[in-house]
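Just so it is clear, the model here is predicted, and its values are computed rather than measured.
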Amino acid sequence: MNLRQHEVVEYLLEENRVLREQIGNRHIRFAADQRCRLAVRAKTLSRKILVQVATIVRAETLLAWHRKLIAKKYDGSAYRTPGRPRTATEISDLVVRMAEENRGWGYRRIQGALSNLGQVLARTTIADILKRHGIDPAPERSRKTTWKEFLTRHWDQIVATDFFTVEVWTCSG
């Protein structure tokens, strides 16, 4: 069986040499799948044997194709997106909630509260999140009063006011 395989290999080598003589010095254009197949087969052989056997492509070229094939296999650029990943929605919602519930808190105070909870966020990230949600910085936020705040602060006076009583002043009193 070994002698038979050796004869087949010798025939294929001679066939490749004849084809190479017919082609001459012209470069052969290989498709991507052909390069891949040749590179995979070439890698199984040692460099010494590859130099002896390879007739249509140099051994260095075959090994370079294999290196590119491996580099392409482990290339993660298809999974990468441009730019920095967005802040998680849970953390973004927490920042908005803190800013709305504590109107006097600035970016650094929110940053400190988040670090107490184990979340590390930059001050500019907090500023961007609040800007994205249309929330003003702390000084402007604390100067403006919302209707909810107005009603909760003045609830006692509003309840004490009787809107349905009409007082009439007469000459006698």
*Asks:* In terms of heavy-atom contacts, does CZ of Arg86 have more than 12 from other residues, nucleotides or ligands at under 6.0 Å?
*Replies:*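 Counting other residues, nucleotides and ligands, CZ of Arg86 stays at 12 neighbours or fewer.
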*Asks:* Any side-chain heavy atom of Glu14 sitting closer than 4.5 Å to one from Val18?
*Replies:* yes
*Asks:* Any idea which heavy atoms bring Ser92 and His133 closest together, and the distance?
*Replies:*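 Closest heavy-atom pair between Ser92 and His133: OG-CE1, 3.6 Å.
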*Asks:* How long is the span from the CD1 atom in Ile28 to the CD1 atom in Ile23, to the nearest 0.5 Å?
*Replies:*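 Interatomic distance, Ile28 CD1 to Ile23 CD1, rounded to 0.5 Å: 3.5 Å.
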*Asks:* Measure the shortest side-chain to side-chain distance between Phe30 and Thr61 over non-hydrogen atoms and say whether it is less than 4.5 angstrom.
*Replies:* no
*Asks:* Applying salt bridge (charged side-chain N to carboxylate O under 4.0 Å, His left out), which residue pairs with at least one partner in residues 24-35 are found, sequence neighbours left out?
*Replies:* Asp33-Arg37
*Asks:* Taking it one step at a time, do Leu69 and Lys73 satisfy side-chain contact (heavy atoms from CB on, under 4.5 Å)?
*Replies:* CA-CA 6 Å; Leu69 183 67; Lys73 177 181 178 182; over 6 Å; no
*Asks:* By the salt bridge (charged side-chain N to carboxylate O under 4.0 Å, His left out) test, which pairs, at least two apart or in different chains, include something from residues 128-138?
*Replies:*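 The answer is Asp136-Lys144.
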*Asks:* Are side-chain heavy atoms of Leu12 and Glu15 found at a separation under 4.5 Å?
*Replies:* yes
*Asks:* Going by the side chain to side chain contact (heavy atoms under 4.5 Å, CB included) test, name the single residue among Val120, Leu94, Thr125 that passes it with Leu114.
*Replies:* Leu94
*Asks:* How long is the straight-line distance from CZ of Arg47 back to CD1 of Ile49, given to the nearest 0.5 Å?
*Replies:* 13.0 Å
*Asks:* With rounding to the nearest 0.5 Å, note down the distance linking OH in Tyr107 to CD1 in Ile126.
*Replies:*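 Rounded to the nearest 0.5 Å, the OH-CD1 separation comes out at 9.5 Å.
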*Asks:* Is any side-chain N of the basic residue among Glu21 and Arg17 closer than 4.0 Å to the acidic one's carboxylate O?
*Replies:*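 Salt bridge flag = no for Arg17 with Glu21.
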*Asks:* Look at the side chain of His154 and the backbone N and O of Phe150, then say whether any donor-acceptor pair between them is shorter than 3.5 Å.
*Replies:*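 Side chain of His154 to backbone of Phe150: a pair is present.
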*Asks:* So how far is it from Lys72 NZ to Cys36 SG, rounded to the nearest 0.5 Å?
*Replies:*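 Here the interatomic distance stands at 8.5 Å.
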*Asks:* Heavy atoms only: give me the nearest Ile91-Gln119 pair and the separation to one decimal.
*Replies:* CD1-OE1, 3.0 Å
*Asks:* For the hydrophobic clusters of this structure (ILVMFWY residues joined by side-chain heavy atoms under 4.5 Å, transitively), does one cluster hold both Ile56 and Val51?
*Replies:*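 In one cluster with Ile56: Val51, no.
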*Asks:* As a quick check of understanding, evaluate side-chain contact (heavy atoms from CB on, under 4.5 Å) for Thr87 and Val95, giving each step before the final call.
*Replies:* CA-CA 11 Å; Thr87 307; Val95 168; over 6 Å; no
*Asks:* Output yes when a side-chain donor or acceptor of Ser115 lies under 3.5 Å from a complementary backbone atom of Gly112, and no otherwise.
*Replies:*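 Side chain of Ser115 to backbone of Gly112, a donor-acceptor pair under 3.5 Å: yes, one is there.
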*Asks:* Report the distance from atom CG of Leu50 to atom CZ of Arg58, rounding to the nearest 0.5 Å.
*Replies:* 11.5 Å
*Asks:* Does the pair Asp93 and Met98 meet the rule for a side-chain contact (heavy atoms from CB on, under 4.5 Å), with working shown?
*Replies:* CA-CA 9 Å; Asp93 293 342; Met98 284 182 177; over 6 Å; no
*Asks:* Hey, could you give me the CD/CD distance between Glu7 and Gln5, rounded to the nearest 0.5 Å?
*Replies:*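 Interatomic distance, Glu7 CD to Gln5 CD, rounded to 0.5 Å: 11.0 Å.
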*Asks:* What residue among Ile70, Val40, Val57 forms side chain to side chain contact (heavy atoms under 4.5 Å, CB included) with Trp65?
*Replies:* Val57
*Asks:* Pair Leu121, Ile129 - check side-chain contact (heavy atoms from CB on, under 4.5 Å), show working.
*Replies:* CA-CA 11 Å; Leu121 241 64; Ile129 290 171; 4.1 Å; yes
*Asks:* State yes or no: do Leu130 and Leu117 share one hydrophobic cluster built from I, L, V, M, F, W and Y residues joined by side-chain heavy-atom distances below 4.5 Å, directly or via other members?
*Replies:*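 Both belong to a single hydrophobic cluster.
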